[in-house]
Amino acid sequence: MSVRTRFAPSPTGNVHIGNLRTAIYNWLFSRHEGGEFLLRIEDSDRARSTPEAVQTVMDALEWLGLDYDGEALYQSTQLERHMEVAEELLRRGAAYKEDKGGTGRGEAVVFRMPGKDVGFVDAVKGRIEKKAENLKDFVIVRSDGSPVFHLGNVADDITMGITHVIRGDDHVENTFKHVAMYEALGIAPPVFAHLPMIVNAQGRPYSKRDGAAYVGEFQAQGFLPEALFNSLALLGWSPGDDREVMSREELVAAFELGRVRSSPSQMDMTKLLWMNGEHLKRRGLEENVAGFRQAMERAGRLPAGTDPEYFKAVVACMGERVKLYGDLGEQAGFFFDEGYAYDEKSVQKRLMKPGAMEVLREELAALEGLEVFSAESTESALRALAERRGGGMGELVHPLRVAVSGRAVGPGLFEMLEVLGRGRVGARVRRTLERFGG
RNA sequence: GCCCCCAUCGUCUAGAGGCCUAGGACGCCAGGUUCUCAUCCUGGUAACACCGGUUCGAAUCCGGUUGGGGGUGCCA
């Protein structure tokens with residue numbers, strides 16, 4: 001039988017990374033097996049399930065490239081089907097009606113636990129069993145006629161022909177109930193695989209206060225989907241060899257449920273950032289240019305009418321100094337802003353030194369006389385100047401860097417000069433001389 | 001309380017009885033390259049929770065302890 005997995009989120013408006021990781025494992029497993037990956041929207045809680053919330057889920061899946069087969073199934077449309085299953089259970093004597101707890105609210109449908117031990121082989125945890133005396137009957141249809149989670153979940157999985165249920169660890173208790181329901185129905189249960197939780201530094205469930213907890217936040221910070229995908233895939237699973245930076249295809253090829261770890265793991269933002277840098281290198285310049293541009297525009301740091309070639313040159317020049325699309329503005333904003341700020345410490349160290357202004361003036365003179373204004377020509381001009389003055393290159397490089405960029409760190413000076421161009425460099429040095437020259 | 005699950009460097013992990021004086025990655029530290037930072041290269045730091053048992057031999061198997069998590073709804 002061909003594999004069918006599903007991702008069954010309740011649309012609550014946010015997609016937590018734990019759920020996202022569950023979606024990734026379902027997707028990875030079904031793609032690896034050449035099976036299907038389905039989407040079910042568990043919107044039975046009508047109050048919280050808005051169209052916007054559903055869209056948020058869809059957007060997250062699309063961003064990560066988690067394509068699902070067929071149409072999404074909305075649980076709210078399956079009411080009749082749920083009732084059929086409840087009827088069937090009643091018919092088989094596996095359920096009964098009762099005012100459980102004597103609430104006076106009328107009769108609910110209660111599932112009867114089989115009176116024997118229930119167990120199953122979890123694909124990641126191995127065999128799990130529970131004694132009959134620890135299994136209690138439970139409500140599957142409320143006295144108001146609405147189905148309870150367990151009923152809907154099992155009925156829908158049957159309807160959808162799900163062969164492997166890959167879900168969070170918090171569902172293992174439910175699984176005893178679900179397995180019992182399958183057995184009562186005379187249907188072979190699917191394979192269950194329970195994924196350990198993603199926890200914070202305190203070992204508690206990863207939440208908002210532990211850093212970015214929802215997909216949208218990673219997206220907003222400029223993380224690459226393939227980097228988040230890769231990191232999450234490796235959180236609880238590994239290919240068994242030493243590979244870490246992997247493409248979607250490599251992950252699909254290597255993924256096995258049996259290699260999923262059964263202990264909880266902690267998200268490491270530092271490693272995610274590194275991973276992002278690795279995937280950035282793997283993307284082409286053009287793609288990165290587009291990504292950086294989008295982030296810059298969103299941050300309002302890219303003036304309208306910026307020459308595309310200039311922008312591209314800046315990105316190429318920044319090279320691997322930036323690990324996140326969202327960080328370009330902070331690190332290279334001066335390229336696009338003539339009103340760039342001067343870093344106070346750098347000014348003190350490089351421009352307020354005795355003779356610094358004189359050096360800048362000499363550099364300006366040397367650069368302005370150049371026929372061609374390139375990295376090579378500016379470098380040889382300054383080397384010649386250094387020779388004449390008898391000092392080191394550092395004495396020339398540092399003040400000039402601060403003068404044209406306002407900061408002490410950045411790309412190679414000569415590369416930077418070429419990208420900025422003669423006009424900007426001249427104007428910036430002059431402005432610096434006026435401002436700090438006394 | 002009861003039930004279920006989990007336990008290797010700070011973090012992510014490899015390890016399915018000898019290949020382990022425990023390997024890789026991130027981070028961190030040191031050195032190299034260099035005009036700064038980043039990259040890159042080299043080296044280093046750091047772990048089998050504890051106690052028993054099985055075995056010629058245990059990170060690996062078994063039991064217990066401790067610690068952590070999950071569940072215990074006419075929530076999902």
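In what follows, chains are A, B, ... by sequence order, proteins preceding strands, each numbered from 1. The figures here come from the full heavy-atom set of this structure, side chains too, leaving out hydrogens, waters and symmetry mates.
- To the nearest 0.5 Å, the span separating CZ on A/Arg21 from CG on A/Leu195 amounts to 5.0 Å.
- For B/rU65 and B/rG27, the P atoms lie 41 Å apart once the distance is rounded to whole Å.
- Atom CG of A/Leu400 is separated from atom CD of A/Glu363 by 4.5 Å, given to the nearest 0.5 angstrom.
- The distance from atom CZ of A/Phe176 to atom P of B/rC4 is 7 Å, rounded to the nearest whole Å.
- Of all nucleotides listed (B/rA14, B/rC3, B/rA76), B/rC3 comes nearest to the side chain of A/Lys130.
- Base contact: A/Gly106 has a heavy atom under 4.0 Å from a base atom.
- The OG1 atom of A/Thr378 sits 5.0 Å away from the CG atom of A/Leu417 when rounded to the nearest 0.5 Å.
- Judged by Watson-Crick or G-U wobble contacts below 3.5 Å, the nucleotide B/rC20 has no partner.
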(request) Sugar-phosphate means primed atoms, P, OP1 and OP2; the rest is base. With that split, encode nucleotides 20-36 of chain B 5' to 3' as B, S or - using protein heavy atoms under 4.0 Å. (result) ----BBBS-------BB

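- Side-chain to base pairing of A/Ser265 with B/rC12: no donor and acceptor N or O lie closer than 3.5 Å to each other.
- The stretch residues 281-291 of chain A touches RNA chain B through A/Lys281, each having a heavy atom within less than 4.0 Å of the strand.
- Every residue was checked against the ring pair (Phe, Tyr, Trp, His ring centres under 6.0 Å) condition with A/Tyr96, not counting sequence neighbours, and none meets it.
- For A/Glu52, the side-chain contact (heavy atoms from CB on, under 4.5 Å) partners two or more places apart in sequence, or in a different chain, are A/Thr50.
- Between the P atom of B/rG69 and the CD atom of A/Gln266 lies a distance of 13 Å, rounded to the nearest Å.
- Within 4.0 Å (heavy atoms only), A/His150 reaches at least one base atom of the nucleic acid.
- For residues 232-267 of chain A, the ring-ring contact (aromatic ring centres under 6.0 Å, His included) pairs, not counting sequence neighbours, are A/Tyr25-A/Phe255, A/Trp237-A/Phe255.
- For A/Phe229, the ring pair (Phe, Tyr, Trp, His ring centres under 6.0 Å) partners two or more places apart in sequence, or in a different chain, are A/Trp27.
- A salt bridge between A/Arg301 and A/Glu330 is absent, with no side-chain N of the basic residue lying under 4.0 Å from a carboxylate O of the acidic one.
- Remark: the A/Asn174 side chain and the B/rA76 base include a donor-acceptor N/O pair separated by less than 3.5 Å.
- In terms of phosphate contacts, A/Arg261 brings a side-chain nitrogen or oxygen within less than 4.0 Å of OP1 or OP2 of B/rU13.
- B/rC12 and B/rC62 have their P atoms separated by 24 Å, with the value rounded to a whole Å.
- With a cut-off of 3.5 Å on both Watson-Crick or G-U wobble distances, the partner of B/rG63 is given as B/rC51.
- Between A/Met113 atom CE and B/rC3 atom P the separation is 16 Å, expressed in whole Å.
- Separation of the P atoms belonging to B/rG68 and B/rG73 is 23 Å when rounded to the nearest angstrom.
- Among the heavy atoms of the strands lying under 4.0 Å from A/Arg259 are primed sugar atoms or P, OP1, OP2 only; no base atom is included.
- Distance CD (A/Glu173) to P (B/rC2): 15 Å, rounded to an integer number of Å.
- One can place CZ of A/Phe192 at 15 Å from C1' of B/rC4, the figure rounded to the nearest angstrom.
- The NZ atom of A/Lys177 sits 11 Å away from the P atom of B/rA76 (whole-angstrom rounding).
- Comparing A/Phe149 and A/Asp169 by the nucleotide of RNA chain B that holds the closest heavy atom to each, the one mapping nearer the 5' end is A/Asp169.
- Contacts of A/Ser143 with the nucleic acid, taken as non-hydrogen atoms under 4.0 Å apart, include base atoms.
- Remark: the separation of the C1' atoms in B/rU55 and B/rG17 is 9 Å, to the nearest Å.
- Comparing the same atom, P, in B/rG24 and in B/rC41 gives a spacing of 15 Å after rounding to whole Å.
- Nucleotide B/rG1 has B/rU72 as its partner under the Watson-Crick or G-U criteria, with both atom distances under 3.5 Å.
- For B/rC74, the base has a donor-acceptor partner in the side chain of A/Asp99 [N/O atoms by modelled type, under 3.5 angstrom].
- The stretch residues 228-238 of chain A touches RNA chain B through A/Leu234, A/Leu235, A/Gly236, A/Ser238, each having a heavy atom under 4.0 angstrom from the strand.
- Atom CG of A/Asp137 and atom C1' of B/rC74 are 14 Å apart (whole Å).
- Between A/Phe37 and A/Phe7, the angle of the ring planes stays under 30°, which puts this pair in the parallel group of the 30/60° scheme.
- As rounded to the nearest Å, B/rC6 and B/rG44 have C1' atoms that lie 33 Å from one another.
- Across all strands, A/Asp343 comes closer than 4.0 Å to no nucleic acid atom at all (heavy-atom distances).
- The side-chain hydrogen bond (donor to acceptor under 3.5 Å, both in side chains) analysis of residues 107-116 of chain A, with sequence neighbours excluded, yields no pairs.
- The residue among A/Pro264 and A/Met267 whose nearest nucleotide of RNA chain B is located toward the 5' end is A/Pro264.
- Among residues at least two apart or in separate chains, ring-ring contact (aromatic ring centres under 6.0 Å, His included) pairs with a member in residues 257-293 of chain A are A/Phe292-A/Tyr325.
- Qualifying side-chain hydrogen bond (donor to acceptor under 3.5 Å, both in side chains) partners for A/Lys97, counting only residues two or more places apart in sequence or in other chains: none.
- Scanning for side-chain contact (heavy atoms from CB on, under 4.5 Å) contacts around A/Val347 gives A/Tyr342, A/Leu351, A/Met352, A/Val402, A/Phe436, with sequence neighbours left out.
- Between A/Arg21 and B/rC12, a side-chain N or O to OP1/OP2 separation shorter than 4.0 Å is absent.
- Rounded to the nearest Å, the gap between the P atom of B/rA16 and that of B/rU60 is 12 Å.
- Residues passing the side-chain contact (heavy atoms from CB on, under 4.5 Å) test with A/Ala253, sequence neighbours excluded: none.
- Rounded to whole Å, the P atom of B/rA7 lies 28 Å from the corresponding atom of B/rU45.
- One interatomic measurement links the two molecules: CG of A/Leu328 to C1' of B/rA38, which rounds to 14 Å at whole-angstrom precision.
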